[in-house]
2 protein chains.
Amino acid sequence: MNSIDFKKMLKERGYKLTPQRQAVLDIIAKHDGEHLSPEEIYDLVKETQPEIGLATVYRTLLLLDDMGLVYKLNLDDGLTRYELNNQKEDHRHHHLICMGCKKIFEVQEDLLDNLEEQILRKNKFKVVDHKVKFYGYCEDCSKE
Amino acid sequence: MNSIDFKKMLKERGYKLTPQRQAVLDIIAKHDGEHLSPEEIYDLVKETQPEIGLATVYRTLLLLDDMGLVYKLNLDDGLTRYELNNQKEDHRHHHLICMGCKKIFEVQEDLLDNLEEQILRKNKFKVVDHKVKFYGYCEDCSKE
DNA sequence: GTCATTGCAAACCATTTGCATCCGT
DNA sequence: ACGGATGCAAATGGTTTGCAATGAC
């Protein structure tokens, strides 16, 4: 996402492009594949924008989530975490949480289409998104 | 779950059966199908145990979750919610969150077995549980 | 009697909010 | 210049914790 598109998207919604908003988005984009907490994002943004406030980070994350640029995660560690909402993926990827070492893995497959069709047929409920977490044991932790 | 079994399960883990613990479990069992918050459970338990403290409710919920008697939910309303972990179901049911009216619906189907097998094969990750939420629009809200 | 459990109040901590100032447009 | 955005500090609110008293076994 370059600044031009971002600015346009913001403008459509009546928002302004500020250095703080750009910086937060940049950091999340730069750390694609990671799951950053607001505090971590704050610390990273401060490296280039030392004067930014934590509240602004929170407000920006809310905005980015609303705009669908960012995806909010709850990985059961007591913090909210965010990752870039990568438009290139056909479907959302899922997270595997290892109950042994607590590491997070990702699965690119998203085979919930059948299930979502069934839900539409049987429950007359039109699914537009889902959040899925799998709990279990990774290869290393399975061996013990 | 009757008191005898509950007491036995607690004993196995070195815990004692107290009236507070029994009361919390009873309330959750009595409200099977609902999604109660700690505060709501506290209020309901207080009807029969007026002296109970909220901290005890929290501690008991942690315990019941550990023991697998209760299932912790996050339905995106800012509160943690709990429901009875019904042993009678073959699989866990899933929740549908209507983005229109915010109502919660349930699907009994749990067709994630294929997916979990694939995850085991491709990622060598042994799934033992999952949490799934579907977001969309219920029948009424789809009409608009 | 012993040791886990409880109730209370205080502490915690992530997140939100009020408000004066600042700044993008 | 206008109105949205920011930074700061204070407030919020769910959850956890310390501790003395209580109660299950």
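Order of the sequence lines fixes the chain letters, A, B, ..., with proteins taken first and strands second; residue numbering starts at 1 for each chain. For the numbers below, each heavy atom of this structure counts, side chains included, while hydrogens, waters and symmetry mates do not.
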Send over the distance from L79(B) CG to dT15(C) C1', rounded to a whole Å.
14 Å
Nearest 0.5 Å, what's the NZ-CD1 distance between K46(A) and I27(A)?
12.5 Å
May I ask you to evaluate whether Y58(A) reaches the phosphate of dT15(C), defined as a side-chain N or O under 4.0 Å from OP1 or OP2?
yes
Please report the interatomic distance OH(Y137(B)) to NZ(K103(B)), rounded to the nearest 0.5 Å.
14.5 Å
From NZ of K16(B) over to P of dG1(C), roughly how many Å is that when rounded to an integer?
15 Å
Map R21(B) and G78(A) onto DNA chain C by nearest heavy atom, then report which one ends up closer to the 5' terminus.
R21(B)
Can you find a side-chain donor-acceptor pair between Q22(B) and D26(B) that sits under 3.5 Å?
yes
Measure from CZ on R81(A) to P on dA14(C) and round the result to the nearest Å.
11 Å
Could you tell me whether P50(B) contacts a base, only the sugar-phosphate backbone, or nothing, with contacts defined as non-hydrogen atoms closer than 4.0 Å?
nothing
Ignoring backbone atoms, establish whether Q20(A) has a side-chain N or O less than 4.0 Å from OP1 or OP2 of dC23(C).
no
Starting from P on dA14(C), measure out to CZ on R59(A) and report it in whole angstrom.
18 Å
I need the CD-P distance between E39(A) and dC13(C), as an integer number of Å.
11 Å
Do any side-chain nitrogens or oxygens of T56(B) fall under 4.0 Å of OP1 or OP2 in dT5(C)?
no
Row check, F134(B) ring normal vs K131(A) NZ/CZ: under 6.0 Å, within 45°:
no
Presence of K7(A) side-chain N/O under 4.0 Å of dG24(C) phosphate oxygens OP1/OP2:
no
Quick one: does NZ or CZ of R21(A) land under 6.0 Å from the six-membered ring centre of F6(A), within 45 degrees of the ring axis?
no
Distance in angstrom units between Y82(A) OH and dA14(C) P, rounded
13 Å
Drop me the distance from L115(A)'s CG to H94(B)'s NE2, to the nearest 0.5 angstrom.
7.0 Å
Does T18(B) have a side-chain nitrogen or oxygen under 4.0 Å from the phosphate oxygens OP1 or OP2 of dT5(C)?
no
Name the first nucleotide and the last nucleotide along DNA chain D (5' to 3') that come under 4.0 Å of a heavy atom in chain A.
dG3(D) to dC8(D)
Could you check L17(B) against L62(B) and say which one's nearest nucleotide on DNA chain D is further toward the 5' end?
L62(B)
d(Q20(B) CD, L17(B) CG) to nearest 0.5 Å is 10.0 Å
Please classify the nucleic acid contact of S37(B) as base, sugar-phosphate, or nothing, using heavy-atom distances under 4.0 Å.
nothing
Rounded to whole Å, please give me the gap between CD1 in I52(A) and P in dC23(C).
14 Å
To the nearest angstrom, the NZ-C1' distance between K46(B) and dC8(C) comes to 13 Å
